Structures are given as C-alpha cells and as structure tokens.
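Being a predicted model, the structure only gives us computed values, none of them experimental.
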2 protein chains.
Amino acid sequence: MRRVTIDEVAERAGVSVATVSRAVRGLPNVSPATRKRVLQAAGELKYRPDPNASRLAAGKSGVVIMAVPTISSWYTAQAMAGVEAVLQGAGIELSVTLLSDSSSRDRVVSEPGLLASRADALVLLDLVPTTFEPDSRFPVVVVGDHSDAFDSVSIDNVHGGRIAGEHLVGLGHSRVGLIAGAEEDKFTAVTMLRTRGLEEALAGVGVSLEENAVVFGHYSGLGGYEAMNELLARPNPPTAVFALSDDMALGAIRAATEAGMSIPHDVSIVGFDDHELSFVLGLTTVAQDPAGLGAAGAQMLLDRLEGHSGAPREAHGEVRLIERSSTARI
Amino acid sequence: MRRVTIDEVAERAGVSVATVSRAVRGLPNVSPATRKRVLQAAGELKYRPDPNASRLAAGKSGVVIMAVPTISSWYTAQAMAGVEAVLQGAGIELSVTLLSDSSSRDRVVSEPGLLASRADALVLLDLVPTTFEPDSRFPVVVVGDHSDAFDSVSIDNVHGGRIAGEHLVGLGHSRVGLIAGAEEDKFTAVTMLRTRGLEEALAGVGVSLEENAVVFGHYSGLGGYEAMNELLARPNPPTAVFALSDDMALGAIRAATEAGMSIPHDVSIVGFDDHELSFVLGLTTVAQDPAGLGAAGAQMLLDRLEGHSGAPREAHGEVRLIERSSTARI
DNA sequence: GTGAAAGCGCTAACAG
DNA sequence: CTGTTAGCGCTTTCAC
C-alpha cells in the first residue's frame, strides 16, 4: 500500500506533474488527448492524490468538524445524518468531536478557534459560542440554537412549547406538569424556551405553571420515567404532562401505566421530537426535523466556504403538533 | 485567522523550529526551561500546528475513518460513541463516512484501500471486506461482524437468537413468528445468524420455524409495526414473536395492542438490543452493548497502530436475555 | 497547452 | 539538549 505519487503518474503518462495535477482535477488548460492519457495512467497505477498534501499545498483542509454534546441520541444522530449528507455531496469530510463534559464544552464555546486548526469550518450542535469572534476565514454554523454572531438554523422552541400547551389547554387541561431536560443545561436555551411557550399557552387561560409541577428528566427515557413517578407522587398530580423530548414522554407513559393509570384517559401526555417510535406508540408530540436542520446548516457552511460573506444568516425549521392517541379531553 | 507558523514561534522563543516541534508535542529531549519558553511563546501567538502539514510530514494522518451503513440508528450511534471515546483518548480524530447505498458499500467492501488514502486506519461497522487483503500498514477492524482476515469484535448472534428462542420455548410457545431485518441484507450475516439460533432452540423441542412465520421489518419501528400486522393476518398467528431489534419489537407491540391483543397475555414479544426505551417499556430482550464493541474495536486499532502485528484477533461482546414483562407462559 | 520551480508548514534524521 | 537540513506530495505562479 505504498503511496503512488503524482510523479509516477507523470512519468508514465509522459507529462509533467503540473499537467497531471490539472488533468486529474478536471481543470482547464489540458488538451483532451493529454487528459485522456493522464487519466489512463492514473487509473492503471491506482493513483489517489494524498489529501494531506493537497490540502497543505492548497491551503485548506477539506474537513469540517461537527461538535456534539452527546452522540447517542436520536436528535444528534438525525442532525449528523443531515450534515453528512450534504457534506458528502460536496466531497467534504465530516469529523465528529464529542464534547461530553462541560469543561470541553466550555473550551469550545469560548474558543472555537481551537478546532480551526483541524478543519475548514465548524458546525456546533446545540452549542453557541460566547466569546469567539466570527472570522470570515473560519465559518461556523450553529445548529439547534440561535446565534447573533454566526449563521444558525434552529426551530422556534417557544412556539413548539406553545402549541403543545395550547393543545392541552384546548382539551380542557389546566393542571399540567412539565418534564424538562437537564438542570445543568447551561449552553442550550432549549429547555427554557419550550417552557416559556408552555407558560404562554397556560397564561392564555389564566393558568400558571406551578413551581412544583416541573421535574427534570435529562432527556432520557429512564429520566422521564422517574420524573413522571415524582409528578404522580405529588399531592395534586397533573392531568396532563408535557415532556420536552419523546424519550422522556415514553418513559412517562410507562410510569403512568405502571401506576395503574390509562392513557389518555387518566392523564394526557405530549412529547417533543416525533422520533420514529412515537408514531408507533401513538404519542402526541411536537414534531421537528433535526436532519433537515443539519442539512440546512451544512449548506450554509458550504456557501461560506465558497466565499459567500455577509451578515450571519438565520434559518428556521418547522415544528408542528402531531395529534395521536396519548392526549384527550379531560 | 492567518496561520501562525512554527517559524514565528521559534523566533519568538529564540529556538529552532525543531525544538518547537518537540516541545509542543511533548517529546523528550527538551530541557524544562526551553519547553516552558516555547510553550509560552506558542500560547501568546495562539499557535496551532497545521494538521495537514504534520500529517504530510509525519506520513500519517492521525485520523481513523469509521464507515457505517446508516447513521441514525441506536445501534450505530452507540457503536460510534464507543469508538469515539477511545480514539479521543488517544488524540485521534474520528471521521465518519456513511455508506448508505449498496453500491458504495460494495466499493468499500471490495476495496477498503480507497479509504486508506484518507486515514491511518479503518473501522467497518457491520461490513466485512471481501477481496481486500490485510495490509499491516493499514489496520482495519470489523465491528459487529466476524472476519477471518481482520481484527474483529462481534457478538455471538447465533447464541443471541438461541436464548431468545429458548426463553420462548421454555414458556411453552411453539408457534413463534420472526420479524427479521432487511431482505437485501447482503453484507451482514446478523439476520441469518440470529435466525439460525432461533431455529436451533425450536428444534430442541421438535418444532420448526415455518416459512410463512417470517416477515421483514427493516430494523425500524414502523417496519416492525407493519410486519406484526402481517403476521397477525395469517391464518394461524404465532403466540410469540421474536423481533431482531428492539425498534421492530416496539412496533410489533403497538400493532398487537391496536389489534386488541394484550401483551404478554395474548402474545409474547422478544426484542434484541436492549436500548433504553426497552427498559422503560418493559420489553423482554436480548441485550448487547454496541458501545462496548466499538470501544473494543477501537482499542484493537490502536494496538495495531502502535505496531502490534500478528494474526487477526477476535473479541466477543456479551449477549444476555433480559426478562421483562412482554413475555409470559402461554 | 505545458513545464519548471518554488513553496505549503511541519517532522525526522543527522550532526554537533 | 538543540540546530540544520532534507524532504512529505501536491498546487500554483510564471515562463515557454
């Protein structure tokens, strides 16, 4: 597997390395005959340009890094798939970096430039840089959250929370519980925004979200299960529960069922995400499309890489309520 | 963000570039005082080595590529997380390549060397190379499947299928249905092996898996849902169903419930994976740990990268049956 | 349309 | 312990 170099191809084709370089990259200024000869030689030798050499010489890396807070969630996987799809189409490599602990997140958030040495551009999932100044030579896009300084693509989380709340309110519920994400959610405003949306909906009918009707489920199924158990143990349990992710909602359903309640008869549950199992399990939920967000973000990056400059752009993904069988009139 | 080069750091620290190179990489043969001075200068200048230059000069890329058949499944996400964790610990980048269509899979499977130009090593998820010859200079590890030619780490799928089958048989079931993966599963033997395990268990009590008790669910929740509906529409529906993934099992549960059946009373269901929601939803399943597989595979790669040579090694992950509430005596 | 030559920024002997 | 000196393989002016 010794590397076949451009020199060998040049020699075999009887041309200079410069010509080989042009020919294999499809650049102009190569006669059809020469190009054919070069391509043939390259093929016979199984020549593959060394990406590192190319990038070094060309002054760019051909790699974009995607930094994610966690890798094994439905949301992350979807977003990655979306990013990967458009990047692959552009011949760019996707490198994934996990920022699992908050110290590594802090580091990237305050100094995204650290990653600049490893790639041409950066996509941040649910993370927004604080002190970093935009630099036209190092495009950064924020997916899943909003940023004033960088390109970003996100959903309207307040609206998402609101439609969930309105749905519940519309069904006559006034005592609604909230299963929020993680308490130490410092870098994403998601929990906060969705909560605000819910509160707005409740306020519309003169109800407020009680302090002790909020529990945290850490965006996991198990977390949602435990959170629901807590909720049900309260003196005056809610008649409806809004979980900020489908995983948590499903856990909540389980808890309610085990407690002998039937859904939606005894308690209504709304989730957020619309991941595949939600359909299958009949969960009413606020649907979003993280793969679409990722794809849109990657596209913005590509534009920047192609020289597009200008003010930070902002795109928004859709959210909509999908009514299934986990909610009902009280 | 013009690149700060090693020369500038060298000049500022009053040493040669070679010394800077050693110092920043933590190599020996640099006096503490000098190292300190260099690091300081580097810090002030915000120097970051150009990865492409480093890789080119060093003759290696510091990148390993992981090729996956799909990116947005629980299994893949878990495996990626495992790989990423150990690679990150070794300062190696993880680049992900999606091989979504079978032609791209074909290409990689028959010529993994194509990816060799982009990385130091390759981890293949559920894909095993056919014609490619191992090359000590380009380590390849297969995760999730077995290979004679390469290092591999997998689970005993036959055993997994067997314990699921034995569990069902032990509960008195003899008419069991199978929800298998995708029909066009050419490159992974997973479906085949688990099926064989089930058949062995059934054979133990003189029963055989009937042809028309097998349907395909494409490893998705929706697929499992539809597959279960098919199964239930048959003349003599099974009293127990083994789904080759939890996603499909959960879909199957939904289908059965909708059909007015209660689980496990009317029909028992066993899944495979033990992903988080399975616990939450009380699914009896064959547990496996793809993150562990990924981590083990990455470790093997690291060993190879450090010069370990020798025959292909083979590691196995555990599988075990977790009994919950979706199965019962007939 | 094609070639010669000068690097891209860094690492790795080899001296000292 | 530190500096010198070749390249790594490719791209890119600038001549021809």
Side-chain angles (χ1 to χ4, degrees), chain A residues 1-39 41-42 45-63 91 93 116-120 137-138, chain B residues 1-39 41-42 45-63 91 93 116-120 137-138 305 307:
Chain A
M1 183 138 294
R2 203 195 85 278
R3 201 152 209 104
V4 177
T5 70
I6 198 173
D7 305 77
E8 302 174 51
V9 178
E11 183 178 356
R12 182 169 191 124
V15 297
S16 73
V17 296
T19 300
V20 174
S21 178
R22 293 181 192 113
V24 301
R25 282 183 301 155
L27 298 184
N29 293 331
V30 182
S31 74
T34 307
R35 187 183 303 274
K36 181 162 176 259
R37 200 145 34 85
V38 171
L39 260 23
L45 261 25
K46 297 197 174 184
Y47 167 69
R48 318 247 132 228
D50 179 325
N52 294 122
S54 304
R55 291 165 186 166
L56 175 56
K60 44 186 168 187
S61 75
V63 171
E93 260 179 70
S117 58
R118 288 168 39 192
D120 289 337
R137 278 154 302 184
F138 186 63
Chain B
M1 185 140 292
R2 201 195 87 278
R3 204 150 208 109
V4 176
T5 70
I6 198 172
D7 306 77
E8 302 173 52
V9 178
E11 184 179 353
R12 180 165 192 127
V15 297
S16 73
V17 296
T19 300
V20 173
S21 179
R22 293 181 194 113
V24 301
R25 283 184 298 156
L27 297 185
N29 293 332
V30 182
S31 75
T34 307
R35 187 184 303 273
K36 181 161 176 260
R37 199 146 36 85
V38 172
L39 259 23
L45 262 25
K46 299 197 173 185
Y47 167 69
R48 312 258 133 220
D50 179 324
N52 294 121
S54 303
R55 292 165 185 167
L56 176 56
K60 46 186 165 188
S61 67
V63 170
E93 258 180 70
S117 58
R118 287 169 39 193
D120 291 335
R137 278 155 303 182
F138 186 62
L305 252 14

message = Taking side-chain contact (heavy atoms from CB on, under 4.5 Å) as the definition, give me every residue that meets it alongside K46(B), ordered by chain and number, with sequence neighbours left out.
response = E111(A)

inquiry  = Among residues at least two apart in sequence or on other chains, which ones pass side chain to side chain donor-acceptor pair (under 3.5 Å) with S54(A)?
reply    = none

remark   = Residues in residues 27-36 of chain A with a heavy atom under 4.0 Å of DNA chain D, by number, are none

task = Using the test salt bridge (Lys or Arg N to Asp or Glu O under 4.0 Å), find all partners of R12(A) that sit at least two apart in sequence or belong to another chain.
result = E44(A)

Separation between CG of N29(A) and OG1 of T34(A), rounded to the nearest 0.5 Å = 11.5 Å

ask   = D7(B) CG to dC10(C) P: how many Å, rounded?
value = 7 Å

ask   = Rounded to the Å, how far apart are L56(B) CG and dG7(C) P?
value = 17 Å

query = Just how large is the angle between the end axes of the helix from dG1(C)-dC16(D) to dG16(C)-dC1(D), five pairs per end, to 10 degrees?
reply = 30°

request  = Could you list all the salt bridge (Lys or Arg N to Asp or Glu O under 4.0 Å) pairs where at least one residue sits in residues 51-63 of chain B, not counting sequence neighbours?
outcome  = R55(B)-E93(B)

key: Distance in Å, N52(A) CG paired with D50(A) CG, rounded so as to fall on 0.5 Å steps   = 5.0 Å

key: Side chains of L39(A) and V24(A) in contact at under 4.5 Å (non-hydrogen atoms)   = yes

remark   = Looking only at heavy atoms, the pair that brings A13(B) and A41(B) closest together is CB-CB, 3.9 Å

At a cut-off of 3.5 Å, list every protein nitrogen or oxygen paired with a nitrogen or oxygen from nucleotides 13-16 of chain C, distance to 0.1 Å.
none

note = Closest to the 5' end of DNA chain C, once V20(B) and A53(A) are matched to their nearest nucleotides, is A53(A)

task = Identify, with sequence neighbours excluded, every residue that meets side-chain contact (heavy atoms from CB on, under 4.5 Å) alongside R22(A).
result = A18(A), T19(A), L27(A), V30(A)

query = R25(B) side chain N/O closer than 4.0 Å to the phosphate oxygens (OP1, OP2) of dA12(C)?
reply = yes

query = Between Y47(A) and V15(B), which is nearer to the 5' end of DNA chain D once each is assigned its nearest nucleotide?
reply = V15(B)

request  = Only counting residues at least two apart or in another chain, list the ones meeting side-chain contact (heavy atoms from CB on, under 4.5 Å) with D7(B).
outcome  = T5(B), V17(B)

query = First and last nucleotide of DNA chain D touching chain A, 5' to 3', heavy-atom cut-off 4.0 Å?
reply = dG9(D) to dT13(D)

inquiry  = Test: salt bridge (Lys or Arg N to Asp or Glu O under 4.0 Å). Region: residues 27-37 of chain B. Which pairs qualify, not counting sequence neighbours?
reply    = none

ask   = How close do V9(B) and V20(B) get, heavy atom to heavy atom, and via which atoms?
value = CG1-CG1, 3.8 Å

ask   = Between dG7(C) atom C1' and D50(B) atom CG, what is the distance in whole Å?
value = 14 Å

remark   = Which of dG3(C), dG9(C), dT11(C) is nearest the side chain of T19(A)? It is dG3(C)

ask   = At what distance, to the nearest 0.5 angstrom, does OG of S61(B) lie from CG of L56(B)?
value = 11.5 Å

